[in-house]
Amino acid sequence: MLGKMMYQPLLISGLIEHAARYHGDTAVLSKEVDGQMTHTNWRTVSDNSKRLANALATLRLKSSERIATLAWNNRRHLEAWYAISGSGMVCHTINPRLFPEQLSYIINDADDRVLFFDTTFLPLIMAIRQHIKGVEHFICLSDRDDSVVEKLPNVLFFDELLAENSTDFDWPQFDEATASSLCYTSGTTGNPKGILYTHRSSVLHAMALCMPDVSALSAQDVLLPVVPMFHVNAWGTPYAAALTGCSLILPGPNLDGDSLVSLIDDCHVTVALGVPTIWQSLLTAAKARGSKLDSMTRTIVGGAACPPSVIKTFREDFNCDAVHGWGMTETSPLGTMNQIKAKHKSLSKDEINELRNSQGRPPYGVQLRLIDTDEPLQRVEEDGMSQGRLQIKGHWIINDYYTENPDAITEDGWFDTGDIATIDADGYMNIRDRSKDLIKSGGEWISSVELENIAVAHPQIRMAAAIAAKHKKWSERPVLIVVKEPDSEIDESQVLSFYEGKIASWQIPDKVIFVDNIVLNGAGKMVKKDLRDDYGNVLLDR
Ligand code: ADP
């Protein structure tokens, strides 16, 4: 017997409709590429997305066609998002920090028909224009600008399209399994792969993101997604923001520590999301300026292992909870988030802090398991100590890549993350490493994440990357690449002695190499493959 309840497809347009109707006057603030701050609200964002939906309809695009965006986190980009997905087309967010060849590869692979862009990226478009012939329309996210027309003669302007079109538009209703957006992995290994989200997965993910044990987002929050909209849909926050009707602050292009401190203090941000490297520069800037980031109650940090020292500084020096989470493009990204349970309340502060350094536990909607690294079908015990390959399944987890890949999921329906982890009886998961970054020394595994976390807790070390260097006797040994704090005199022996007593002596790196800078990829993560290429042979003549 079927139940007798209404059925409505879970559609992204429903989120913006809700925000417009029940939170219409709630502020949406946007830092534009020219540095100006725009004050708008959910009602206007909704109206503009309807105007744009009318404009897209005149371009005679078919449903499910891919519409790309090359843009920062700003309100025009947000309006384009809702117009594209709401109309039944696929919003393909592109990471502008990729190499030009990767950009044209992605645009052609996705078969994008329209490209929305911030003026910042005009030179990038001109550089790849000849290689992306499938793109029929370019829409500049600005008012009319003749200098853009000179270079791209048929360009359309976002503000003109809004002015020419009415808000009279009914969002079409369709199957909730329809594709809504497309995002490519950053392609640190091989060509980038497309991940095609559905309306259903995006809405369920947004609901999960708001849960109290995840980010506890509510209509009382002022949310700052520092994580870019081209990086796993800003972790789903633009959807979650409309769903809760919270105030949304879109930070634009300047994501340096100083700009973020100003934004947080000026806009009274209560919750912000970003990767650890961003938070490290934020903390440095806040300390230098004497800001206490008073309005911030919590920050959600993920995308790479967050050093415990960063979590501790947020909590102890800024009275701001740092909530550690884990996920990937293939998982929308929410996989785990670290919040305690009632039974943990009796633990000491140190014990709670220790528990909360891990990547946390899965919310309802996803499940995790560990599989033996050598025996693909063998389950690994979830005892908090045994390591295995982390696999995941759930409502917002990839089922296949955009370009079909028969190996995308296991025969029994799990996605293999390529991460090595432990899971304890309560489900708390600890990422030990990416399988490709683990260091295998004489048959024993050493976690590069653990070596890095210890190093960056040293006050004179700004950044550290641990890599596997080839070794004649042990096959691989850890080498630590270090960026010092500006005035630091720290030397190799001082770095190495800092490890004593913190890990087993055979895990301590064989060598420390000081460099001026470690390059970060488009998502703010260290590119360890490049470091391995540069320094992977430094131990061979030993
Ligand atoms: P890419 O694989 O191109 O970096 P993703 O953004 O999808 O793209 O990265 C997902 C990966 O980032 C995960 O598989 C994991 O290795 C790493 N990661 C994400 N969050 C964390 C975290 N909190 N701790 C450790 N690693 C993390």
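Note that the coordinates shown come from a computational prediction; the quantities given were computed from them, not determined experimentally. The basis for the numbers below is simple: all heavy atoms, side chains too, and nothing from hydrogens, waters or symmetry mates. This chain uses plain numbering: 1 for the first residue, then up along the sequence. Whatever order the structure lists them in is the order used to number ligands and atoms, beginning at 1.
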Enquirer: Show me which atoms of ligand 1 lie under 4.0 Å from any heavy atom of Gly327.
Expert: 10 (C), 13 (C), 19 (C), 20 (N)

Enquirer: Between Trp279 and Thr299, is there a side-chain donor-acceptor contact under 3.5 Å, judged purely by atom types and distance?
Expert: yes

Enquirer: Are Gly325 and ligand 1 in contact, using a heavy-atom cut-off of under 4.0 Å?
Expert: yes

Enquirer: Is it true that Ser435 and Asp419 share a donor-acceptor pair across their side chains at a distance under 3.5 Å?
Expert: no

Enquirer: Judged by non-hydrogen atoms, does Gly418 sit under 4.0 Å from ligand 1?
Expert: no

Enquirer: Which of the numbered atoms in ligand 1 are under 4.0 angstrom from any heavy atom belonging to His231?
Expert: 6 (O)

Enquirer: What atoms in ligand 1 come closer than 4.0 Å to a heavy atom of Ala305?
Expert: 22 (C), 24 (N), 25 (C), 26 (N)

Enquirer: Mark yes or no: Lys502 above the aromatic ring of Phe498, with NZ or CZ under 6.0 Å from the six-membered ring centre and no more than 45 degrees from the axis.
Expert: yes

Enquirer: Give yes if a backbone or side-chain nitrogen or oxygen of Thr185 is under 3.5 Å from a nitrogen or oxygen of ligand 1, and no if not.
Expert: no

Enquirer: Is it the side chain, the backbone, both or neither of Asp419 that has a heavy atom closer than 4.0 Å to ligand 1?
Expert: side chain

Enquirer: With no hydrogens and no angle check, just 3.5 Å: does a side-chain donor-acceptor pair link Asn74 and Ser30?
Expert: no

Enquirer: Do Asp426 and Arg361 pass the side chain to side chain contact (heavy atoms under 4.5 Å, CB included) test, and can you show the C-alpha distance, the side-chain angles, and the key distance before you say yes or no?
Expert: CA-CA 8 Å; Asp426 287 316; Arg361 55 192 166 80; 5.6 Å; no

Enquirer: Quick one: is the NZ or CZ of Lys484 closer than 6.0 Å to the six-membered ring centre of Phe514, and within 45° of its axis?
Expert: yes

Enquirer: Does Met328 approach ligand 1 within less than 4.0 angstrom via side chain, backbone, both or neither, non-hydrogen atoms only?
Expert: both

Enquirer: When you look for heavy atoms under 4.0 Å from ligand 1, do you find them on the side chain of Ala304, its backbone, both, or neither?
Expert: backbone

Enquirer: Which of the atoms of ligand 1 are close to Gln359, meaning less than 4.0 Å from one of its heavy atoms?
Expert: 22 (C), 23 (N), 24 (N), 25 (C)

Enquirer: Where does the angle between the aromatic ring planes of His344 and Tyr428 fall among parallel (under 30°), tilted (30 to 60°) and perpendicular (over 60°)?
Expert: perpendicular

